[in-house]
Amino acid sequence: MADPQKTGVISVGMVAGIAACLIAVGAGLSWWTLSSRSPKAPVVSSPTPVSSPQPIPSPEVSPSPSETVEKTLSVYWVEDKNGKLAIISQPVQIQAQNDPTVFLNIALDRLLAGASDPNQFSEIPKGTKLLKLTTNNDNVYLDLSPDFTQGGGSASMTGRLGQIIYTSTTLNPNSKVWLSVAGKPLTVLGGEGLEISQPMTRSIFEREFPF
């Protein structure tokens with residue numbers, strides 16, 4: 001038969017152990033609950049650097065044909081240099097509509113008006129008029145009045161031809177000049193018969209009419 005005193009001791013010990021376990025479990029649950037409720041520190045990410053926008057280059061704007069611009073052109077005269085005639089240039093400032101035909105018209109009008117410098121002169125006969133002027137890319141088409149072919153010897157004919165060719169190509173020295181008089185292509189100039197190539201250029205003039 002079991003000893004009642006021993007039984008009571010075991011029962012009390014067991015109860016105490018169970019109680020201790022329950023207290024430990026309760027403490028653990030309380031810690032877990034508090035931990036789950038505590039706010040978490042926010043994750044701070046470094047801001048992505050934003051590059052400043054690059055400036056957009058402004059497109060190059062060419063002057064419109066109707067806009068007024070200023071250009072330096074050359075009008076060509078004849079000058080006596082130590083007894084030898086030479087074709088020399090005179091720069092002129094021209095302000096006009098941005099159109100090659102307009103600029104050449106003004107330059108040739110100044111040429112036909114005559115030289116203002118007493119050391120320079122023109123072999124182009126007075127009264128010569130520019131009847132028509134057109135341009136097409138590198139081509140210049142000139143129609144002069146019959147006065148252009150009047151009077152003078154071969155030196156005078158060569159000088160006036162050079163003045164017209166050089167002034168007509170002041171915008172583009174490589175331009176081709178098509179010459180006509182009163183609407184007819186100019187093939188022979190003067191009584192001595194200077195043959196005129198069509199088209200005429202600066203290089204052709206220098207080769208065929210050494211001045």
Side-chain angles (χ1 to χ4, degrees), residues 59-79 85-116 120-125 127-150 152 154-190 193-211:
E60 233 177 86
V61 180
S62 300
S64 63
S66 60
E67 185 179 347
T68 298
V69 297
E70 185 175 76
K71 293 184 180 182
T72 302
L73 277 66
S74 291
V75 175
Y76 288 81
W77 309 104
V78 177
E79 188 174 293
L85 297 182
I87 296 176
I88 55 95
S89 65
Q90 178 192 28
V92 292
Q93 295 288 330
I94 296 177
Q95 194 173 49
Q97 181 182 341
N98 188 36
D99 185 327
T101 304
V102 174
F103 273 101
L104 290 181
N105 258 300
I106 296 173
L108 286 165
D109 282 344
R110 293 196 182 185
L111 174 67
L112 298 179
S116 56
Q120 300 166 353
F121 60 95
S122 177
E123 291 288 1
I124 300 174
T128 300
K129 295 179 178 60
L130 179 62
L131 302 180
K132 189 177 181 180
L133 167 64
T134 56
T135 61
N136 182 13
N137 296 325
D138 294 335
N139 296 289
V140 180
Y141 300 87
L142 293 178
D143 188 25
L144 301 170
S145 66
D147 308 85
F148 182 72
T149 62
Q150 304 302 310
S154 60
S156 175
M157 296 294 175
T158 301
R160 72 185 67 174
L161 180 62
Q163 287 180 258
I164 285 290
I165 297 302
Y166 276 82
T167 303
S168 300
T169 56
T170 180
L171 287 174
N172 180 6
N174 297 316
S175 292
K176 303 176 181 67
V177 181
W178 303 79
L179 280 173
S180 62
V181 172
K184 296 181 180 180
L186 182 63
T187 56
V188 177
L189 181 60
L194 271 69
E195 293 185 6
I196 309 299
S197 299
Q198 295 282 2
M200 179 67 71
T201 63
R202 289 189 178 191
S203 59
I204 292 175
F205 175 81
E206 291 167 3
R207 184 178 66 245
E208 297 184 359
F209 303 99
F211 200 66

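All values below come from the heavy atoms of this structure, side chains included, with hydrogens, waters and symmetry mates left out. FYI, the numbering just counts along the sequence from 1.
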Do you know the tightest heavy-atom contact between [X] and [Y]?
X      : Y      : value
Asp143 : Gly183 : OD1-N, 2.8 Å
Met157 : Gly190 : CE-CA, 3.4 Å
Gly162 : Ile87  : CA-CD1, 3.6 Å
Gln150 : Pro146 : NE2-O, 3.4 Å
Leu194 : Thr158 : CD2-OG1, 3.5 Å
Leu112 : Ile124 : CD2-CG2, 3.8 Å

Identify, with sequence neighbours excluded, every residue that meets side-chain hydrogen bond (donor to acceptor under 3.5 Å, both in side chains) alongside [X].
X      : value
Asp138 : Asn172
Gln95  : none
Ser197 : Glu208
Thr149 : none

Can you list the steps and then say if Glu67 with Gln97 is a side chain to side chain contact (heavy atoms under 4.5 Å, CB included)? CA-CA 6 Å; Glu67 185 179 347; Gln97 181 182 341; over 6 Å; no

Tell me, please, which residues at least two apart from Phe148 pass ring pair (Phe, Tyr, Trp, His ring centres under 6.0 Å).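 Listed in chain order: nothing, the list is empty.
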
Sequence neighbours excluded, which residues qualify as ring pair (Phe, Tyr, Trp, His ring centres under 6.0 Å) partners of Phe103?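 Here no residue qualifies.
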
Distance in Å, [X] [atom1] paired with [Y] [atom2], rounded so as to fall on 0.5 Å steps:
X      : Y      : atom1 : atom2 : result
Arg202 : Thr170 : CZ    : OG1   : 6.5 Å
Leu111 : Thr167 : CG    : OG1   : 4.5 Å
Ile165 : Phe209 : CD1   : CZ    : 9.0 Å
Ile164 : Leu161 : CD1   : CG    : 8.5 Å
Thr169 : Lys176 : OG1   : NZ    : 12.0 Å
Met200 : Leu186 : CE    : CG    : 8.5 Å

Ring geometry between Phe205 and Tyr166 (parallel below 30°, tilted from 30 to 60°, perpendicular above 60°):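 Perpendicular.
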
Under the criterion side-chain hydrogen bond (donor to acceptor under 3.5 Å, both in side chains), I'd like the reasoning laid out for Gln198 against Thr187: C-alpha separation, chi angles, the key distance, then a yes or no. CA-CA 8 Å; Gln198 295 282 2; Thr187 56; over 6 Å; no

Taking it one step at a time, do Thr101 and Thr135 satisfy side-chain hydrogen bond (donor to acceptor under 3.5 Å, both in side chains)? CA-CA 6 Å; Thr101 304; Thr135 61; 2.7 Å; yes

Treating [X] as the side-chain partner and [Y] as the backbone partner, does any N or O pair qualify as donor plus acceptor under 3.5 Å?
X      : Y      : result
Thr128 : Pro125 : yes
Glu70  : Gln93  : no
Ser180 : Pro185 : no
Ser175 : Val140 : no

Are side-chain heavy atoms of Leu108 and Leu142 found at a separation under 4.5 Å?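 Yes, at least one pair of side-chain atoms sits under 4.5 Å.
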
Less than 4.5 Å apart, side chain to side chain, heavy atoms only: is that true for Val78 and Gln120?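 The answer is no, as the side chains (C-beta and beyond) never meet within the 4.5 Å cut-off.
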
Yes or no on side chain to side chain contact (heavy atoms under 4.5 Å, CB included) for Leu171 and Leu104, after CA distance, side-chain angles and deciding distance? CA-CA 8 Å; Leu171 287 174; Leu104 290 181; 3.9 Å; yes

Are Leu133 and Leu130 close enough, and set up right, to give a side chain to side chain contact (heavy atoms under 4.5 Å, CB included), and what steps lead you there? CA-CA 7 Å; Leu133 167 64; Leu130 179 62; 4.1 Å; yes

Begin with the C-alpha distance, continue with both residues' side-chain angles, and end with the deciding distance and a verdict on side-chain hydrogen bond (donor to acceptor under 3.5 Å, both in side chains) for Arg160 and Ser156. CA-CA 6 Å; Arg160 72 185 67 174; Ser156 175; 2.8 Å; yes

Let me see the working for Val92 and Arg110 under side chain to side chain contact (heavy atoms under 4.5 Å, CB included), right down to the final yes or no. CA-CA 9 Å; Val92 292; Arg110 293 196 182 185; 3.6 Å; yes

CA sep, side-chain torsions, deciding dist, call: Trp77, Gln90, side-chain hydrogen bond (donor to acceptor under 3.5 Å, both in side chains): CA-CA 7 Å; Trp77 309 104; Gln90 178 192 28; 2.8 Å; yes

